[in-house]
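All ligand and atom numbering here is 1-based and tracks the order in the structure. Here, residue 1 is the first one in the sequence, and each next residue gets the next number.
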Amino acid sequence: MPDAPKTIESLEVEERVFAPPPEFAARATADADLVRRAAEDPLGYWADEAERLDWMKPWQTLLDDSNPPFYKWFVGGELNVSVNCLDRHLDQRGERVALYWEGEPGDRQAITYRDLHERVCRLANGLRSLGVKRGDRVAIYLGMVPELPAAMLACARIGAAHTVIFGGFSPDSLSDRIQDCSCRAVITADEGWRNGKTIALKENVDKALTSCPSVEAVVCVRRTGGEVGWVDGRDHWYHELVAGQPPECEPEAMDAEDLLYVLYTSGTTGKPKGIVHTTGGYLTAVAATHRHVFDIRDDDIFWCAADCGWVTGHSYIVYGPLANGCTGVLYEGAPGFPGPDRWWEIVERYGVTILYTAPTAIRTFMKWGKEHPRLHDLSTLRLLGSVGEPINPEAWIWYQETIGGGRCPIVDTWWQTETGCIMISPLPGVTATKPGSATHALPGVGADIVDELGESVPFGSGGYLVLTEPWPGMLRTLYGDDERFVETYWSRFPGLYLAGDGARRDEDGYYWLMGRIDDVMNVSGHRLSTIEIESALVDHEAVVEAAVVGRSDPTTGQAIAAFVTLQASIEGDDALIAELRQHVATRIGGIARPASIVLTDDLPKTRSGKIMRRLLRDISDDRQMGDVTTLANAEVVSEIAQMAAAARAAGTGE
Ligand code: WT7
């Protein structure tokens, strides 16, 4: 980590503050009292939250911290996650909708808790009939169909761990993950829908399985009716499998520390990390954070518009909301299909009250224009959430005004696949928000910002974000690799969890996330966050999206290379490039003026929508590029590379 921050200099100041609306604060589930009690007794807070779940056997020890960093929560306790998400709601709210599902082509289902319970039990029995048992692993490779949450819950019911693999991954990525986990079964579909086109899920599974000897059974959902290859004895149609099964299924009593799922995420090396989440602590953490951060009430319609293939979908589409008996929305397809107002049509149709999405989606909607959300009645919305990357103040304000009608608080939630649950976020009835800041650590969570030596830095400065206390939703290890777990997260600062993000705290103690540590540049001895410069660029009216990386420069150490997408209606030229460079200089200071700006129609992105800055760094330094097959839009890369070479050669000078 050569360019890790000693202290990160932060030059941009966001002054706006939004207090919680008084009517909102008056009714909020989380109030100042809860915050105070949790601060006095964090473990007591988590114990109280765990008490809301149904335990088959009470725990004896709340937290076993005798062998750090291998913490154990609710030791001795037993529970079943699917029982907590389904069975216990049947008496009171069996007829309540658990999930409104909408397929991309327009087909719809309103699935009640009773329906979902039955679907899960039938599938759980079906899986057992195929030989899947407690302690096994099952890979799930599906689009956003109702069978996806059902499959996750069916695994949980019989004590098999799932690993959900995002439907956009290639056969190679699929087989890597299946092999790493030695999965016994795979649940997939013939095809998935995306942007009016089909994705060949079953075909990808067939390719992947040529190198996965552990897999004995494949269960295939019929989604599109497309043709599929078939291996007799191995392959089973989902609808046939569940049709013959009883609608009740005895749940396994799981130990609180039994494996619930493995979810793969990328690290600094090529090999993905299998993040391990267990049963009791994870469910406690996602249910509590879902309730408090989103201020969940009985009549809410909660739409987390992520994919179940990512942790956001695990925690805030499936486990948190269902544990809380909430009504959710599940949308299968692309946001722009068939038209750019699809999301707003969905909000209007179901009367969505809480929307949770990512800055990249918000910026896409900004690019498409205000006229599309304006076509629909969005007045049911009362709270908006953001996750996945720092949200630039311009997008924050746009979200608040255009989608939230100026009345909805925004919760900018910082967390990771590893943390399992939201860690730093406003509580909407308590916290005054500042656009672009994730504000404070949640109740029960210990966070800090430290310098190179692991010393806490004063308010007003930046450094490494760390978590100082174990929390119930924490990853327990990396699947099959305790050593890498300790090395990656716990070795740099003993006793502290290293999140890998740079952050600063302002004079009021608000956290401002500044991107991954390797997204921090060092320009002429000044450490600058790429996100701040991006934010300044996006602040210009011509700009929709921007990515900034440090490219090696003989004079300044690193020079700032910017990649910018303009509003569709605007033609870029040298004059505009000069104006943008000046705009950044004006917003942040001359030190932040980009050395080069490349205008491009699109930025290289992962399939989860994260800009691949690493790739842009390679392009900027004219290095051989790493693997581009995981990109959502690989074709933009060579085009950007040519323009970047030209920009380097021209040199923009001062
Ligand atoms: C990384 C984790 C957590 C679900 C989605 C991403 C970045 C996440 C924020 C936020 C600034 C954020 C961090 C973090 N990140 N949320 N609100 N503000 N940055 O999960 O793929 O595990 O990525 O996403 O860099 O470390 P993930």
A.B. asks: In terms of side-chain heavy atoms, does Y264 have a donor or acceptor partner in S173 at a distance below 3.5 Å?
C.D. replies: no
A.B. asks: Just to confirm my output: which protein heavy-atom neighbour is closest to atom 2 (C) of ligand 1, and how far is it?
C.D. replies: W415 O, 3.6 Å
A.B. asks: Aromatic ring centroids of W398 and F365 under 6.0 Å?
C.D. replies: no
A.B. asks: Using distance alone, determine whether T413 and ligand 1 share an N or O pair under 3.5 Å.
C.D. replies: yes
A.B. asks: Consider only side-chain N and O atoms of T284 and E49, and report whether a donor and an acceptor are under 3.5 Å apart.
C.D. replies: no
A.B. asks: Which is closest to atom 17 (N) of ligand 1 in terms of heavy atoms, L513, D412, I424?
C.D. replies: D412
A.B. asks: In the protein, what heavy atom is nearest to atom 16 (N) of ligand 1, and what distance, to one decimal place, separates them?
C.D. replies: G388 N, 3.0 Å
A.B. asks: Please find out if less than 6.0 Å separates the ring center of Y141 from that of F166.
C.D. replies: no
A.B. asks: Considering non-hydrogen atoms of the protein only, which is the closest contact for atom 11 (C) of ligand 1, and what is the distance?
C.D. replies: P390 N, 3.1 Å
A.B. asks: Ring centres under 6.0 Å, that's the criterion: do F18 and W396 meet it?
C.D. replies: yes
A.B. asks: Evaluate the ring planes of W415 and Y316, with Trp represented by its six-membered ring, and classify them as parallel (under 30°), tilted (30 to 60°) or perpendicular (over 60°).
C.D. replies: perpendicular
A.B. asks: Just going by heavy-atom distances, which of I391, V311, D501 is nearest to atom 14 (C) of ligand 1?
C.D. replies: D501
A.B. asks: Who gets closest to atom 21 (O) of ligand 1 by heavy atom: E389, K610, Q416?
C.D. replies: K610
A.B. asks: Examine T312 against ligand 1 and note whether any of their N/O atoms are separated by less than 3.5 Å.
C.D. replies: no
A.B. asks: Checking side-chain contact (heavy atoms from CB on, under 4.5 Å) between D295 and each of D300, V430, T29, which is the one that passes?
C.D. replies: T29
A.B. asks: Tell me, which protein residue and heavy-atom name are nearest atom 22 (O) of ligand 1, and how many Å apart are they?
C.D. replies: T417 OG1, 2.6 Å
